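Just below is one structure, and these are the notes that go with it.
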2 protein chains.
Amino acid sequence: MATTTKDRLIEATAELFRHQGYSATGVKEIVDAARAPFGSMYHFFPGGKEELGAATIRWSGAMYGELIEIFYADTSDPVAATRQFFEAAADTVRDTDYTDACPIATVALEVASTSDPLRRATADVFESWLVQLDAHFARNGLTKTQARSLSVSLFCLLEGAFLLARATREHRHIRAAGRTAAAAVRDALEHRASTVARRR
Amino acid sequence: MATTTKDRLIEATAELFRHQGYSATGVKEIVDAARAPFGSMYHFFPGGKEELGAATIRWSGAMYGELIEIFYADTSDPVAATRQFFEAAADTVRDTDYTDACPIATVALEVASTSDPLRRATADVFESWLVQLDAHFARNGLTKTQARSLSVSLFCLLEGAFLLARATREHRHIRAAGRTAAAAVRDALEHRASTVARRR
DNA sequence: GAAGCACTAGAGCGATCGCTCAAGTCGCGC
DNA sequence: GCGCGACTTGAGCGATCGCTCTAGTGCTTC
C-alpha cells in the first residue's frame with residue numbers, strides 16, 4: 001500500500017476542510033472518509049482534531065505552494081504566468097462545481113479569532129506563499145518592498161475572487177480579478193524599468 | 001425598550017458569525033447573547049438556525065452596504081474614497097483585535113457548498129455591494145463593463161486583505177491592498193479620459 | 001518463542017447539538 | 001371582563017460532538 005494511514009487522514013481532512021470548513025467537519029466523518037480506525041487518529045495526532053487540523057493546513061499549504069512554483073518558476077514572463085494562474089484557477093473552480101478553490105481560506109477565517117495554533121498555521125502558510133511570490137518578482141528586478149506589495153495584491157485578488165466565485169457560482173469573477181492582477185504585475189515591472197532608467 | 005427580540009437575535013447572531021462563523025455558533029449561544037428566550041427564536045424564525053442565518057446575512061450585508069455609501073456617495077473623487085475606505089477598514093480591524101472585518105465572508109465560504117439558501121443570501125449581498133460600487137463608478141464616466149470590472153477588483157482586494165490580515169494579525173496588508181485598489185481606480189478613470197479623448 | 005512496540009479497533013463517556021412542545025404571560029379589540 | 005393571537009419560557013428529545021479507554025493484532029528484535 002502506497003499511502004499510510006496518517007497520510008490518508010490528512011488528505012481526507014484536507015478535502016473536507018476545503019469543502020465545508022473546520023467546525024462542520026466531524027472527527028467521525030474524517031476517519032470514515034480516510035477509511036481509518038478511530039483510535040488511529042488519536043495515535044497519530046494526540047492533540048486531537050486541532051492537531052490534525054494544523055497538520056492538514058500546513059500540508060495543504062505546501063501542496064498549493066508547489067502549484068505556485070509550477071506557474072512562476074520556469075518563466076521570465078510573470079505577467080503571462082499571473083494570467084495563466086488565474087485562468088487555471090477559474091477553470092478548476094468551474095470544473096469542480098465551485099468547491100476546489102483555496103484549500104485553507106475557509107478554515108483561516110473560522111479559526112482566526114478562536115484558535116491561536118490553527119490561526120498561526122494559516123498565517124505561516126499564507127506568509128510562505130508571499131515569500132515564494134516575492135522571490136520570483138525580485139528575480140525580475142523588483143525591490144523587496146515592491147515585490148512584497150505586489151505579492152500581497154495578487155494574494156488578495158485571488159482569495160477575494162475565490163470567495164466571490166464560490167458564493168455567486170460565477171467563475172468569470174476570477175478571470176476579471178486575473179486581468180487586474182496581470183495589469184498590476186505589468187505596471188510594477190514597468191515602474192521598475194522607469195526607475196532604473198531614471199537612475200542612470 | 002427600543003430593540004425588539006427579533007432585532008436582538010439578528011444582531012447577536014451577526015456578531016457571533018463575524019467572530020466565529022456559522023457552524024461554530026450554537027443556537028443556545030445565540031439566544032443567550034441576545035437575552036432572548038429559546039422558543040422565541042423558533043417563533044420568529046420557524047426555519048430554525050438556517051432561516052435566522054439567512055436573515056442575519058442579509059441584515060449584515062445591508063449594514064455594510066450603508067458603510068460603502070458613506071464613503072462613495074458624496075464625493076467626486078473615487079480614488080480618495082477608495083483610499084479612505086481601506087484605511088478605515090484597516091483601522092477598524094486593528095482596533096477590534098482582528099475580529100471586525102467582513103461580516104459575512106466566513107459564513108459565505110462555510111456554506112458555499114453546503115447550503116444553497118445561505119449561499120444565495122451571501123451571493124445576493126455581494127452582488128448588491130458590486131451594484132452600489134458600479135453606480136458610483138458609472139457616475140464618474142466609466143462604462144458598465146469598466147465599472148463592473150473595477151468593482152469586482154476592489155471587492156477582491158478588500159476581502160482578500162481581510163483574510164490575510166485576520167490570519168497574520170497585520171493590518172498593513174489592508175493598507176497595501178488599499179494602495180493597489182486606489183491605483184486601479186485612478187487607472188480606470190484615466191483610461192476613461194483617454195477613451196473619450198480618442199473618440200473626439 | 002518471548003517481549004516490546006506501533007498501530008488497529010470500536011464501545012462508550014459526558015457534553016452539546018438543533019430542535020419540539022406544552023404551558024404560560026401579556027396586551028389589544030370587542 | 002372575555003377571548004384570542006403574539007410572544008415568552010424552559011424542560012427535554014434523539015442525535016451527534018470530540019474524545020478516552022481497553023483490548024487486540026501484527027511486525028521487529030532479541
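Just so we're on the same page: letters track the sequence lines, and every chain starts at 1. The structure displayed is predicted, hence computed values, not measured ones.
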On the 0 to 90° scale, with breaks at 30° and 60°, tag the A/Tyr64-A/Phe85 ring pair as parallel, tilted or perpendicular. perpendicular
Verify whether one side chain among [X] and [Y] offers a donor that lies under 3.5 Å from an acceptor in the other.
X: A/Gln132; Y: A/Glu69; value: yes
X: B/Arg166; Y: A/Ser113; value: yes
X: B/Ser23; Y: A/Ser23; value: no
X: A/Tyr72; Y: A/Thr82; value: yes

If I take atom [atom1] in residue [X] and atom [atom2] in nucleotide [N], what distance separates them, rounded to the nearest angstrom?
X: A/Leu9; N: C/dA9; atom1: CG; atom2: P; result: 12 Å
X: B/Arg35; N: D/dC7; atom1: CZ; atom2: C1'; result: 17 Å
X: B/Asp32; N: C/dT16; atom1: CG; atom2: P; result: 12 Å
X: A/Phe38; N: C/dA11; atom1: CZ; atom2: C1'; result: 11 Å
X: B/Glu50; N: C/dC19; atom1: CD; atom2: P; result: 8 Å
X: B/Lys28; N: D/dT9; atom1: NZ; atom2: P; result: 14 Å
X: A/His43; N: C/dA6; atom1: NE2; atom2: P; result: 7 Å
X: B/Arg8; N: D/dC7; atom1: CZ; atom2: P; result: 13 Å

Return no unless some side-chain N or O of A/Ser40 is found under 4.0 Å from OP1 or OP2 of C/dC7. no
Report yes if a side-chain nitrogen or oxygen of A/Thr5 is closer than 4.0 Å to either non-bridging phosphate oxygen (OP1 or OP2) of C/dC7; otherwise report no. no
Taking the side chain of [X] as heavy atoms from C-beta outward, which of [options] is closest to it?
X: B/Pro37; options: D/dT8, C/dA9, C/dG10; answer: D/dT8
X: B/Lys49; options: C/dC19, D/dT8, C/dA6; answer: C/dC19
X: B/Tyr42; options: C/dT8, C/dG18, D/dC7; answer: C/dG18

Could you pick out which residue, B/Met41 or A/Gly39, lies toward the 5' side of DNA chain D when each is mapped onto its nearest nucleotide? B/Met41
For a quick check of understanding: with a heavy-atom distance under 4.0 Å over all strands, which category does B/Thr25 fall into, base, sugar-phosphate or nothing? sugar-phosphate
For a quick check of understanding: with a heavy-atom distance under 4.0 Å over all strands, which category does A/Gly48 fall into, base, sugar-phosphate or nothing? sugar-phosphate
